Protein chains: 2
Amino acid sequence: MFSTFNFSGEGVGVELNADMRAITNPSFLIHHHYYHPSLASAVLRSLRHRLPVFSPSLIRVRAQSTSTSTSHAELDNVRTGRSGSLASPPTHLDVTQKIDVNPPKGTRDFPPEEMRLRNWLFQNFREVSQLFGFEEVDFPVLETEALFIRKAGEEIRDQLYCFEDRGNRRVALRPELTPSLARLVIQKGKSVSLPLKWFAIGQCWRYERMTRGRRREHYQWNMDIIGVPHVTAEAELISSVITFFKRIGITSSDVGFKVSSRKVLQEVLRRYSIPESLFGRVCVIIDKLEKIPIDDIKKELMSVELSEDAVEELLQILSVKSLTKLEEKLGSSVEALADLKQLFSLAEKYGYSDWIQFDASIVRGLAYYTGIVFEGFDREGKLRAICGGGRYDRLLSTFGGDDIPACGFGFAAKGKGTYARTQPQVQNIVCSLDQDLQGAASSVAARLREKGQSVDLVLENKPLKWVFKRAARVNAQRLIIVGSTEWQKGMVSVKILSSGEQYEIKFSELE
Amino acid sequence: MFSTFNFSGEGVGVELNADMRAITNPSFLIHHHYYHPSLASAVLRSLRHRLPVFSPSLIRVRAQSTSTSTSHAELDNVRTGRSGSLASPPTHLDVTQKIDVNPPKGTRDFPPEEMRLRNWLFQNFREVSQLFGFEEVDFPVLETEALFIRKAGEEIRDQLYCFEDRGNRRVALRPELTPSLARLVIQKGKSVSLPLKWFAIGQCWRYERMTRGRRREHYQWNMDIIGVPHVTAEAELISSVITFFKRIGITSSDVGFKVSSRKVLQEVLRRYSIPESLFGRVCVIIDKLEKIPIDDIKKELMSVELSEDAVEELLQILSVKSLTKLEEKLGSSVEALADLKQLFSLAEKYGYSDWIQFDASIVRGLAYYTGIVFEGFDREGKLRAICGGGRYDRLLSTFGGDDIPACGFGFAAKGKGTYARTQPQVQNIVCSLDQDLQGAASSVAARLREKGQSVDLVLENKPLKWVFKRAARVNAQRLIIVGSTEWQKGMVSVKILSSGEQYEIKFSELE
């Protein structure tokens with residue numbers, strides 16, 4: 001019963017494998033947080049101690065399944081109990097077609113068991129963002145194509161899911177959230193007080209050839225700080241991703257962060273008098289370092305006016321893995337060094353030094369970063385990037401706005417594969433023993449819901465055997481039976497399903 | 001400070017106006033439910049008593065604003081405190097463009113204050129769905145166009161947001177959720193046990209000429225019951241929408257439900273020997289009754305092979321507003337009557353009789369309904385439909401699947417207009433008095449977050465005056481100041497912002 005959950009950084013497909021019994025049982029409880037607040041938060045607290053049994057392989061969560069599980073055969077059995085009788089004569093729509101029952105290539109459905117996982121994940125994104133004092137925002141999924149067009153050869157540009165709408169406008173399904181954020185920040189102008197700390201959880205699209213079985217849609221969690229020019233902002237962002245990982249049971253022996261600054265690269269380019277206008281493009285090429293052969297990288301770099309010397313120097317610098325060595329190479333006065341030193345010093349104060357390491361080869365694949373860049377990776381080395389982000393102080397001016405210092409990260413959660421069956425849950429299942437008492441059962445359900453109790457009301461006259469199976473499937477805590485003799489006395493039967501305890505109670509006292 | 005929130009039924013744009021001070025203050029608290037579970041649920045409970053001061057006009061919510069409000073001028077003031085200094089030399093991307101800072105026509109952004117409202121609304125959708133024992137599902141927003149093509153002249157078909165993708169496939173942004181649901185149900189086949197009780201909250205699109213300022217995207221809440229052939233299912237669905245209305249403070253004197261059955265129409269068509277294949281189209285025409293002149297309706301009906309007699313008889317039946325009268329006209333043996341009588345009887349048991357009324361003119365604008373249909377409307381008569389649904393027992397076979405009895409409703413929540421400023425909230429604001437203590441402030445923030453406390457960390461060295469203004473803006477409960485003298489003793493200063501109480505506490509004892 002293993003399941004794959006695919007977390008992916010920008011443009012890079014990576015996977016975390018997890019035993020969903022571990023992840024999704026709590027998921028259910030957090031999902032039901034809505035009407036069980038104290039219970040769920042207790043579970044969440046205990047989770048921090050119980051869950052973290054991640055042993056990466058890719059990264060697997062192992063834990064005991066504590067759920068009562070209904071077997072597949074049993075469920076099929078239950079199925080035959082459904083009524084097939086249709087009360088009405090057939091009413092034809094005027095077209096009958098045989099459709100493909102699968103969602104379109106590269107997209108997916110979320111049936112209940114996978115929706116519980118998604119909700120659990122998003123809930124964690126939200127809780128962490130709010131712990132850090134961030135406010136949630138969202139943008140249209142359909143934006144004008146121009147918002148995403150940059151000329152730096154980014155993979156994200158090549159894979160833009162763009163088209164012409166019925167009014168002949170060029171539009172695109174957003175491939176990322178940052179340009180929309182920039183647009184909104186410019187639009188808000190002076191009406192907002194800085195710094196802004198915003199987060200968003202949104203669906204994004206890429207149009208890829210489907211050869212690698214990658215999806216064309218995924219969900220992304222973004223956090224951005226607008227208006228802080230200091231590395232304190234990057235340190236805060238990295239802290240929040242790490243807080244998220246800890247919360248879902250991932251430790252610093254599973255995941256790490258590689259950190260660098262684009263100013264390192266900028267310094268090298270400056271020394272070789274490479275025009276700044278080429279900077280974005282050079283970064284995008286370098287981001288492919290572990291994806292395509294080194295000779296191709298060299299060729300591409302040389303094709304954008306870099307001399308062979310410059311390329312060699314660049315590649316040497318990119319192989320540096322310590323700040324001391326970087327200082328030797330570039331001298332102590334470069335800005336990049338001061339930023340990076342401060343970041344590592346702050347990491348110590350936050351208490352996440354064991355999660356981060358300097359690596360000059362990190363540049364990120366998006367053209368707009370200007371300073372610190374970072375990437376999450378798995379320690380086993382099988383995944384290239386889990387999430388990533390950095391500083392983009394010059395983004396707003398590329399859209400014609402005034403620049404405001406800014407940084408952010410994206411964390412792409414791609415659900416993929418089959419999950420272990422997880423359990424729904426409901427507090428009560430209510431049924432009548434007699435067709436004529438269906439209305440009475442409705443009254444009972446209405447009363448319980450009024451009291452804040454969730455109820456699965458049996459809507460057909462079914463044998464008790466069926467009802468017990470249904471109760472097991474939905475994990476009901478109590479079964480309330482409305483029988484004729486009791487109802488005449490204003491009573492109903494209650495059965496506590498965990499203990500088997502059974503009693504009668506006045507309808508008017510039922511809570 | 002009034003705001004418009006636009007709830008819309010399928011194909012029908014309608015509006016509820018609400019004073020957002022009433023709606024959005026609770027909204028914030030529910031939003032922060034995530035880490036304040038007990039507080040938020042207490043608020044939610046008290047809300048049920050406090051909020052309902054809706055006096056429709058369209059429908060307005062009035063209530064006292066309990067929020068502390070920061071004036072606009074003050075906020076602008078704070079703005080000037082931001083650092084404009086950019087640490088790095090400019091790094092140009094290779095394109096600079098002047099983009100439109102507004103979202104594309106017909107779409108919208110959700111800045112924090114509107115996102116809080118949306119989250120509050122969705123939270124209510126979820127809580128109600130779960131009270132009724134429904135499980136959440138979702139589907140791709142991009143489906144193959146074929147899934148939505150029906151030939152009954154529906155408005156929804158004409159407004160399909162469809163296009164050709166880069167692989168020359170015809171696709172569409174979903175205009176509704178029901179066809180995707182049907183696809184998933186067919187796909188799941190016998191692997192699921194019936195009945196299914198599923199809900200979804202999803203974004204939907206329509207491509208309309210923008211003359212009426214209507215949006216091209218909106219969010220829809222759907223609940224569906226798959227596998228129950230009885231009216232008990234429709235009664236349960238109507239109960240859940242009404243539970244939602246009550247929860248947000250709307251009463252039966254604000255909103256009502258008109259209920260009918262398509263079997264009424266079917267009976268009339270049968271008597272005039274009209275072929276069943278025309279049924280869907282006739283329903284779609286009749287749904288326009290209050291939207292276009294009656295003569296146009298007659299012309300359209302006659303153009304689909306109805307005689308003048310049949311049209312007159314049809315229009316007469318459609319004007320019937322009581323079940324007694326319907327029985328007089330059609331006789332007591334018609335199936336429609338038995339269904340409707342049972343529904344009204346169940347409504348009594350649920351306790352929502354005062355919300356519903358029979359109205360033969362209700363048919364709904366989608367071709368696929370086969371039995372009971374219902375529409376929410378506002379009692380002032382300004383809105384045509386707030387939400388709607390019904391039974392669609394024959395939908396699955398139109399896609400080539402085996403039919404399963406099913407019914408559902410859609411509730412479209414269209415956000416629109418400007419909302420009153422609502423308040424964010426955070427438990428702590430943490431700042432250092434000294435640049436060198438920024439790391440110490442990070443430690444303090446990390447400790448508090450570890451304890452589950454939300455923290456807005458001040459990331460720059462700012463004067464205390466600025467910090468107090470920020471604290472007011474984010475509604476912080478405590479201000480934690482890290483000063484040099486105290487920190488050397490391992491202490492920090494705490495100020496409770498509501499009372500002004502101030503004390504020092506050991507860092508290691510801070511919770």
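Proteins get letters first, then strands, A, B, ... in listed order; numbering begins at 1 in each. Model, not experiment: these values are computed from the prediction.
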_Partner chain B: residue of A:Phe139, A:Phe132, A:Tyr352, A:Trp198 with the largest heavy-atom pair count (under 4.5 Å)_ = A:Phe132
*Interchain contact, B:Arg391 with chain A, by part (heavy-atom threshold 4.5 Å)*: neither
*A:Ser443 side chain to B:Tyr350 backbone, donor-acceptor under 3.5 Å*: no
*asked:* For the backbone of B:Met115 and the side chain of A:Glu136, can you confirm whether one donor and one acceptor N or O come within less than 3.5 Å of each other?
replied: no
*Taking A:Lys188 for the side chain and B:Pro111 for the main chain, is one N or O donor matched with an acceptor at less than 3.5 Å?*
no
*Name the member of A:Asn428, A:Leu173, A:Val137, A:Val171 that forms the most heavy-atom pairs with chain B at distances under 4.5 Å.*
A:Val137
*Pick from B:Asp456, B:Val474, B:Leu346, B:Thr232: which one has the most heavy-atom pairs with chain A under 4.5 Å?*
B:Thr232
*For B:His230 and A:Asn461, run side-chain contact (heavy atoms from CB on, under 4.5 Å): C-alpha distance rounded to whole Å, both residues' side-chain angles, the deciding distance at 0.1 Å, then the answer.*
CA-CA 10 Å; B:His230 308 305; A:Asn461 200 233; over 6 Å; no
*Between A:Arg470 and B:Pro195, is there a donor-acceptor pair closer than 3.5 Å when you use the side chain of the first and the backbone of the second?*
yes
*asked:* I'd like to know which of B:Arg169, B:Arg183, B:Gln187 tops the heavy-atom pair count under 4.5 Å against chain A.
replied: B:Arg183
_Donor-acceptor check, side chain of A:Glu135 to backbone of B:Pro112, threshold 3.5 angstrom: yes or no?_
no
*Of all of B:Ser180, B:Ala446, B:Pro104, which one pairs up most often with chain A through heavy atoms under 4.5 Å apart?*
B:Pro104
*CD/A:Glu450 to CG/B:Leu131 distance, rounded to the nearest 0.5 angstrom?*
10.0 Å
*Closest non-hydrogen atom pair, B:Ala233 against A:Leu459*: CA-CD1, 4.0 Å
*Please check if the side chain of B:Tyr207 supplies one atom and the backbone of A:Gly167 the other of a donor-acceptor pair under 3.5 Å.*
yes
*B:Asn102 portion near chain A, given a 4.5 angstrom heavy-atom threshold*: both
*Side chain, backbone, both or neither: which part of B:Ile429 has an atom under 4.5 Å from a heavy atom of chain A?*
neither
*Indicate the atoms forming the closest heavy-atom contact of B:Lys197 with A:Leu457, along with that distance.*
NZ-O, 2.6 Å
_Region of A:Gln203 in contact with chain B, defined by heavy-atom distances below 4.5 Å_ = side chain
*Looking at B:Leu196, B:Val128, B:Leu142, which one has more heavy-atom pairs under 4.5 Å with chain A than the rest?*
B:Leu142
*Rounded to the nearest 0.5 Å, what separation is found between the OG atom of B:Ser454 and the CD atom of A:Gln130?*
8.5 Å
*Tell me, for B:Gln438 versus chain A, whether the close heavy atoms (under 4.5 Å) come from the side chain, the backbone, both or neither.*
both
_Counting only non-hydrogen atoms closer than 4.5 Å, does B:Val455 touch chain A with its backbone (N, CA, C, O), its side chain (CB onward), both, or neither?_
both
*At what distance, to the nearest 0.5 angstrom, does CD1 of A:Ile99 lie from CD1 of B:Ile149?*
13.0 Å
_A:Glu143 portion near chain B, given a 4.5 angstrom heavy-atom threshold_ = both
_Using heavy-atom distances under 4.5 Å, tell me whether A:Ile225 contacts chain B through its side chain, its backbone, both, or neither._
side chain
*So which part of A:Val228 gets closer than 4.5 Å to some heavy atom of chain B, the side chain, the backbone, both or neither?*
both
*With the side chain counted from C-beta on, respond yes when A:Glu460 and B:Pro229 share a heavy-atom pair under 4.5 Å apart, and no when they do not.*
yes
*Between A:Cys162 and B:Arg166, what is the shortest heavy-atom contact and its length?*
O-CG, 4.0 Å
_So A:Val141 and B:Trp205, do their side chains get closer than 4.5 Å, heavy atoms only?_
yes
*So which part of B:Leu448 gets closer than 4.5 Å to some heavy atom of chain A, the side chain, the backbone, both or neither?*
neither
*So which of B:Glu236, B:Glu164, B:Glu348, B:Gln342 has the biggest tally of heavy-atom pairs under 4.5 Å with chain A?*
B:Glu236
_No-hydrogen, no-angle side-chain donor-acceptor test under 3.5 Å, A:Thr243 and B:Arg449_ = no
*Using a cut-off of under 4.5 Å on heavy-atom pairs, state which of B:Ala445, B:Pro103, B:Ser345, B:Gly133 scores highest against chain A.*
B:Pro103
*What part of A:Arg270 lies closer than 4.5 angstrom to a heavy atom of chain B: side chain, backbone, both or neither?*
neither
_B:Tyr161 and A:Phe163 aromatic ring geometry - parallel, tilted or perpendicular at 30°/60° bounds_ = perpendicular
*Criterion side-chain contact (heavy atoms from CB on, under 4.5 Å) on B:Thr144 and A:Asp100, from CA distance to verdict*: CA-CA 9 Å; B:Thr144 53; A:Asp100 186 350; over 6 Å; no
